[in-house]
Every structure is written in structure tokens, then in C-alpha cells.
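Heads up: the structure comes next, in C-alpha cells.
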Amino acid sequence: MATETEPIEQQPEAPAIDETTEPSRKDKMKKAFAVQRANATARGKDWLAGGDLDHVDVIQVATDRKNRKHAEKIANQQRIVAEAHGRLHHAKMQAENGENVSASTLSNLGGRAAQEEAKLAALQATIVMPPTDREINNVRTSKKAGRAAILAGGSLGGLSVLGTAAEQAATGQPMLLAALGTAVGYGWYLVSRPFVAGQHAPAPFIPEQLAASSLSVAGADGREYAVPAPSSLTVDDLEAALKAIGELRGEEKIQILAVPQRDREGNTTVVFDLPPRTKVANLVKKIEEFAGALGRDSSMVDISKAGTELRTSLWLTDRDPFEDTRPSPLLKAPRQLDAFTVGVPVGWNKRGTTINLVINNSSFVIAGMTRSGKGVGASNLIVGAAFDPRINLRIVAGKNNGEWDPYAKTGAASTYFKPSPERFLALLKALLSDKDRRERILGELGKSKLTASVIEQLGGIELVVVDEVATYTRPGRPLRDEILEALIELSAVAAGAGILLVLITQYPEVDVLPQALAMNCGTKWAMRVDNADQSNAVLGKGSSGAGRDASKFDPPRQGLGWLVNPFAGVTDKARSFDLDEDERGEITMLLEKAAKIREKAGRLAGQWEDPIEQHLLNATGLSSAAGGPKRDGTPGRMVMQLTPEQRQQADACSGCLIAMNDLGRDAAQLDEMAELIGGGMDEERLGELLRAAGAGGTVKITVPHKTGRVNGYRRAPIADALAFLEGN
């Protein structure tokens with residue numbers, strides 16, 4: 001049986017290949033990839049030339065390099081300081097163990113340690129300036145060189161691989177590109193996009209900044225309140241603040257040279273150029289308004305010129321740097337200072353850096369109303385000066401209290417007396433006479449002014465401290481005109497001879513500090529005052545209009561003031577270190593250490609021939625060396641003629657009389673008086689001193705706690721011996 005076979009469905013025939021169209025498609029693909037390869041080549045050349053390097057990013061790299069080098073210098077100097085102290089400590093240990101270590105060796109090692117510490121402090125206080133154009137170009141050149149090295153090493157060969165792969169894909173081998181992987185295809189896409197020469201660089205990238213979530217702030221009621229921390233600084237915020245105070249107008253822009261970045265302490269630094277229409281000085285005048293526009297207090301903002309009139313270095317922080325008190329660094333490390341070259345630590349600035357004021361070529365004015373902290377600021381300066389034995393302290397008190405007594409009791413003050421216009425005028429005349437002597441010596445040495453190498457040849461630096469200067473210079477005061485005339489002459493012509501003034505007042509008015517006197521005092525520290533006129537009387541005419549107004553501290557803090565010191569490069573707010581005498585006795589403690597340094601150098605009052613005190617003795621018949629015979633600021637007779645042994649005898653006699661007062665009787669034994677005198681005194685040594693002083697030997701006395709008569713001293717012979725020694 002025949003079966004019916006179903007017809008087989010015929011497949012349509014494939015169209016014939018048109019040989020004339022294939023070359024046309026290949027040519028188009030080749031042309032397309034040729035364009036892409038040209039784009040890739042152009043991008044590669046631009047990359048090698050550094051065309052993609054954003055100018056702001058390059059500046060940031062240069063800034064980081066400078067900061068890193070500065071940090072390395074500090075770290076290296078810290079190692080040197082540690083080594084110097086290690087050598088000194090080792091030498092001291094050898095000396096304590098009886099090994100042969102000379103005093104000169106110890107002195108040299110101590111001097112080197114102090115010198116290296118001074119270098120370290122100077123390095124730490126140095127502000128790293130923005131990079132120069134040359135440093136910026138060096139960064140760009142080094143990056144270009146590094147890229148050329150990469151190309152030379154073949155790392156850019158991938159570009160040719162990408163190009164070859166693309167061409168092969170275009171010529172009928174599409175599987176090759178897939179074999180290279182997605183990354184290769186994406187890479188080719190990135191480099192083969194159309195390239196436009198001179199296209200704009202990307203906008204400056206500001207890294208994510210560290211920010212505190214909140215700050216603790218003390219309210220007027222004494223309670224602590226948590227408030228939001230200031231926002232991170234952006235370029236937009238900066239330009240908005242500048243526009244708010246009128247330093248940017250219309251479409252004006254600033255040019256960022258160092259991108260703002262906040263460190264872990266909440267501090268931000270940015271360097272930028274203002275438009276040519278204005279300058280940095282104008283911005284400084286508006287610092288309060290500018291700080292407010294940035295959401296901060298003026299104490300939290302620091303503006304300085306970074307090389308040109310337009311280039312601004314702006315530093316700001318999140319917390320008031322003067323909110324907390326700080327102890328004097330001398331309390332931790334009381335050592336001999338070089339006040340002439342390095343200076344003495346008196347306080348700190350906005351950035352927390354210690355301010356060292358040099359006692360060199362500049363007189364001082366420290367002013368402020370009651371409880372403003374001017375006394376603490378002055379104490380930091382004068383106590384620090386005591387640690388340089390080359391400085392002769394002449395202290396003229398304006399009150400009869402005991403504020404300055406510690407300088408006399410320790411022997412640190414070469415001269416000290418309480419209110420006496422007559423003696424003050426005599427002192428000023430003695431200093432004017434000594435100025436002539438000093439200038440003659442400078443002339444013989446071929447010097448125009450005092451230098452570090454000739455300080456000792458002139459007899460040291462004369463530092464005349466006048467507390468409450470209004471006591472002597474307010475209208476109607478005795479001898480006012482003569483005193484002012486002498487002060488003005490000294491301030492004008494004696495600084496080069498090493499005679500400097502420290503004028504302290506709570507009445508900063510032109511009647512107290514005439515312009516002719518104030519203008520010659522180069523270093524000025526104005527604590528809180530009542531009004532702008534008083535502020536200008538200290539800081540100079542027009543200072544309040546320039547943004548320096550000591551009547552506008554908000555909140556006012558003790559020891560916070562406007563400090564102007566051209567030699568230290570300081571014109572800004574500064575707060576003095578906390579230094580207390582009444583409750584903690586810190587001034588006496590430091591002066592006792594300074595007195596040991598002076599005694600070793602032979603510069604305690606009475607250890608050296610003092611022409612100033614000799615002049616006062618000749619003029620008045622009384623001496624005020626170390627505060628006079630009783631060391632309380634009351635001048636006495638001829639105390640400067642006592643030898644060191646006679647001073648010990650006088651102190652022993654004085655101690656015995658005080659001991660008898662404590663015992664409540666006019667006779668006492670040596671052992672009980674020695675115990676009350678203290679300080680390592682024993683009865684044998686006390687007896688030697690009393691006999692040498694002329695009090696004679698012991699006699700038979702009666703004391704309440706002993707039966708019968710015992711050996712001891714009566715008051716009268718000791719009092720007579722003391723009177724003889726003191727010339728009374």
C-alpha cells in the first residue's frame with residue numbers, strides 16, 4: 001500500500017552577500033575607531049602634560065609638603081633637645097657619684113640644653129606660610145615626571161592594547177574585545193570620549209571636615225549649656241561672609257590657594273586672594289563683623305597677611321581659645337632665661353602659641369581697669385625677667401600693700417621702694433646719669449646700641465617697673481612735671497643703652513600717659529578698659545577704628561587684652577598665664593628659684609657694685625636695695641655696705657627678735673630660737689652669727705619651762721647689734 005508522503009517545507013534561501021557593501025561598512029568602523037584612537041591619544045598627551053591636574057589640588061599637595069617638612073624639622077629638633085637633656089642628666093649623675101665633672105662642663109651642657117629648647121620653641125611658634133609659585137610648579141613638574149616614568153615602564157601600553165582590540169573588533173574579530181573583559185571595554189570608553197582642549201578643570205574639592213556635634217558653653221548664670229558647634233567652612237560660606245561685610249561685591253570672587261580643612265582640634269586654615277579692589281588690612285578692621293558672619297566670636301578668628309596685600313591667611317576655631325586659664329610654663333620648668341634674645345613667656349595667642357616678650361629695645365605699657373588682670377600680666381613679665389640675672393629690676397610701687405614684697409624678700413629686686421615721689425625722681429635722675437656712662441662705653445666698643453655680647457660690660461639691663469604710674473603722673477601730684485619730663489626722656493633715648501620702662505596703670509588716659517610717653521613704649525598690652533579713648537591712649541591713636549578696642553571684650557576675661565609688640569610680630573588678642581601669689585604663693589616660689597640663679601651668677605642685690613643704688617645712697621642717705629634693711633620697700637641706712645657675712649648676721653639677729661616676739665618674752669635660749677627661725681638653722685650656727693654681729697656671748701637668763709637659770713640671750717644686745725649693722 002502506497003503511503004502519501006508529506007511534502008518537505010522548503011527553507012528560504014539566504015540572500016546573497018553583496019560584496020560591494022562590505023568594504024563600505026568596514027571603512028566606516030575603521031574611521032570611527034580612528035576618531036576614538038585620536039581622542040585617546042589626545043587625552044594621553046594631556047594627561048602626560050598634567051592638563052587634568054586641578055590648580056587647587058596642586059596647591060594643596062604643595063601645602064601638605066611644606067607642613068610635613070616643618071613637622072619633620074620639629075621632630076628632629078625634639079630629638080636634639082632630648083639628647084641635650086640626656087647628656088646633662090648623665091653628667092649630673094656622674095657628679096653626684098663623685099666622678100670628676102667640672103662645673104664648667106655642667107654649665108655648658110645646661111646652656112646647650114637651654115639653647116636647643118629655645119630653637120625648638122622658635123620652630124613650634126613659626127607659622128608655615130602658603131607655598132610659593134615655585135613650590136607649586138615643582139609639585140606639578142614632579143607629577144608630570146612621575147607619569148612619564150609610568151609610560152616609560154610600559155604601564156600605558158594598555159592604551160595601545162585597547163586601540164588594537166578595538167580595531168580588530170572593527171575588522172571582523174568582535175570576540176577579541178569581549179575576551180579582554182568588561183574593564184578593558186570601559187577603559188576604552190573613558191579614554192576615547194571626545195576631548196576638548198582647554199576644557200575647564202573640575203571645581204575645587206573640599207575634603208570632608210571633622211566637626212564636633214556640640215560645644216559646652218558657660219552661661220551668664222554660671223551653668224553649662226550645650227550649643228551646636230559652628231559649621232564646617234566651605235568656599236561658599238567664606239564668600240557669603242565676605243559679601244555680608246562688603247568685602248566682595250556683585251560677581252567678585254576670591255581665589256582659593258589652600259583649601260579649607262578642619263583638623264581634629266576643630267581648627268581650620270584657608271589661604272585665599274581677595275579681589276584687587278580691597279586688601280587684607282580692610283578685612284582685619286572688620287574682624288568682629290567677619291567673625292559674626294562666619295558664626296564665631298572674634299577671639300575664634302585670626303587674619304594675617306600671607307605675603308601680599310591681597311593674600312589672606314584665615315585661621316578659625318570652634319571654641320574660644322581664651323576660655324580656660326593656663327599656668328605659667330615657668331612653674332613646670334623654672335630655668336634661667338635669655339630675656340634679651342628669646343624673651344620671657346607671658347601668655348598665649350588665639351592659636352594657643354606661647355608668646356615670649358623680649359626685653360630688648362622696647363619699653364612697655366600694661367594697662368587695664370581694676371580686676372582686668374593687668375597685675376597678672378605684669379607679674380608674668382617681671383617674674384620672667386628675674387630668671388635672667390643680667391636684668392636689674394628697679395621696682396617703684398604705687399601702693400603701700402605687699403604686692404611687690406616677694407621681689408625684695410628673695411633679693412631679686414635690685415631696687416624696691418613704696419610710694420615716694422622724691423625718691424622716684426632721684427631714681428630717674430640716677431638712670432639718666434647712668435645712660436651717659438653706658439653710652440660712653442658703647443662708643444668705646446664701637447656700638448650704636450646695646451647688643452647681647454656687651455650686656456655684662458654695661459652692667460646689665462635696667463628694667464624700671466612703675467606700678468600704678470598714675471600715682472606719680474596724674475595732674476596735681478607732687479613733682480609730676482619733673483617726673484614726666486624724666487620718664488619721657490628715658491623712654492625716648494635710653495632704650496638703646498639698655499634702660500627700659502614697664503609702666504602699669506589702671507587709668508590709661510592722656511593726662512596719665514601723655515602721647516610723648518606712650519608713643520615711645522613700643523610694647524603695649526591693653527586689658528579691659530572703660531572706653532575707646534582709653535584704649536587708644538594705650539594702643540595708639542586710631543587703634544579702635546582699626547579693630548583694636550580694649551573696651552569691647554565680650555565676655556571680658558582676666559588677663560585678656562590687645563597685645564602689640566613689633567619685635568615679636570604680635571598685634572592681636574593675648575591672655576596672660578595664670579600666676580597667683582595670695583592663695584598659691586607661686587610668685588614667691590618662682591622668685592626663690594630665680595634668686596638661686598642670680599646668686600650663682602653673683603647678681604643678687606648686694607653681691608655687686610650697683611651704681612644706681614650708690615647714687616640714691618649719696619643723694620638721700622638711704623638705700624632701697626632689695627627693698628631696704630627690712631626688705632619691705634622702706635629705704636634704710638647704708639645696708640649696701642654690708643658684706644654677705646654681715647647680711648647673714650643681720651638676718652640672724654632679726655630672726656631672734658621675731659622668735660622672742662613669738663615666745664612672748666625678752667629672753668630665750670639658742671635652741672628654741674633656732675627652731676623658730678627654721679631653714680636649717682641650729683643653735684651652734686646661730687651662736688656664731690650672734691657673736692660675730694656684736695651681740696656678745698650667752699648670759700644667764702630665766703625661762704618659764706626651765707628650773708633655775710640657764711644660758712641664753714636677752715633682747716637688748718641683739719637689738720643693738722642689728723641697729724649697728726643697719727646703720728640706725
Side-chain angles (χ1 to χ4, degrees), residues 54-64 66-67 70 125-136 203-207 209 230-263 266-318 321 349-353 543 545-548 562 564 566 568-574:
D54 181 69
H55 186 59
V56 173
D57 291 338
V58 174
I59 292 173
Q60 187 61 52
V61 172
T63 302
D64 292 342
K66 291 195 73 172
N67 289 332
H70 184 64
T126 301
I127 299 174
V128 181
M129 298 301 293
T132 63
D133 291 340
R134 181 177 180 179
E135 290 167 335
I136 294 170
F205 170 71
I206 300 180
Q209 301 179 16
S231 60
S232 301
L233 180 69
T234 65
V235 175
D236 290 341
D237 293 335
L238 181 56
E239 290 187 337
L242 290 168
K243 287 182 178 179
I245 64 172
E247 290 304 299
L248 281 185
R249 299 175 186 172
E251 299 301 318
E252 290 180 338
K253 296 287 185 181
I254 59 174
Q255 182 179 357
I256 299 293
L257 302 176
V259 180
Q261 295 190 51
R262 176 180 289 175
D263 62 25
N267 305 325
T268 304
T269 302
V270 58
V271 180
F272 59 92
D273 279 347
L274 290 164
R277 176 184 53 79
T278 184
K279 56 184 179 180
V280 178
N282 294 335
L283 187 58
V284 172
K285 291 180 182 179
K286 299 180 179 180
I287 187 170
E288 292 186 352
E289 294 85 351
F290 187 42
L294 291 171
R296 289 165 172 83
D297 182 78
S298 60
S299 294
M300 303 161 70
V301 177
D302 187 28
I303 302 169
S304 59
K305 186 168 67 173
T308 71
E309 296 294 341
L310 302 179
R311 188 152 296 172
T312 310
S313 175
L314 170 65
W315 174 93
L316 60 159
T317 187
D318 294 342
N349 62 14
K350 291 178 180 178
R351 303 193 185 200
T353 303
S543 293
R548 298 187 295 275
W562 279 100
V564 177
V570 176
T571 305
D572 210 339
K573 291 179 181 177

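Since the model is a prediction, treat every value here as computed from it, not as a measurement.
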Calculate, to the nearest 0.5 Å, the distance between atoms [atom1] and [atom2] belonging to [X] and [Y] respectively.
| X | Y | atom1 | atom2 | result |
| --- | --- | --- | --- | --- |
| W562 | S543 | CH2 | OG | 9.5 Å |
| D273 | I256 | CG | CD1 | 9.0 Å |
| T312 | I254 | OG1 | CD1 | 8.5 Å |
| L310 | Q255 | CG | CD | 10.5 Å |

### Query
Around atom NZ of K286, are there more than 12 heavy atoms of other residues, nucleotides or ligands at under 6.0 Å?
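Counting neighbours around NZ of K286, more than 12 heavy atoms of other residues, nucleotides or ligands fall under 6.0 Å, so yes.
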#### Entry: Counterpart residues, salt bridge (Lys or Arg N to Asp or Glu O under 4.0 Å), relative to K253 (two or more places apart)
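With sequence neighbours excluded, K253 shows a salt bridge (Lys or Arg N to Asp or Glu O under 4.0 Å) to E239, given in chain and number order.
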Sequence-distant partners of [X], side chain to side chain donor-acceptor pair (under 3.5 Å), two or more places apart:
| X | result |
| --- | --- |
| E288 | none |
| S299 | D297, K573 |
| T278 | E247, N282 |
| R277 | E252 |

Side-chain touch [X]/[Y], heavy atoms, less than 4.5 angstrom:
| X | Y | result |
| --- | --- | --- |
| V235 | L238 | no |
| N267 | L316 | no |
| D302 | R351 | yes |
| D572 | K350 | yes |

### Query
For L314, which of V280, V270, V271 qualifies under side-chain contact (heavy atoms from CB on, under 4.5 Å)?
V270
### Task
Verify side chain to side chain contact (heavy atoms under 4.5 Å, CB included) between L283 and F290, making sure each step is shown before the conclusion.
CA-CA 8 Å; L283 187 58; F290 187 42; 3.9 Å; yes
### Message
Please find the pair of heavy atoms, one from T353 and one from N349, that lie closest to each other, and give the distance.
### Response
N-OD1, 2.9 Å
### Task
Test side chain to side chain contact (heavy atoms under 4.5 Å, CB included) on S313 and T269 and set out the steps.
CA-CA 7 Å; S313 175; T269 302; 4.3 Å; yes
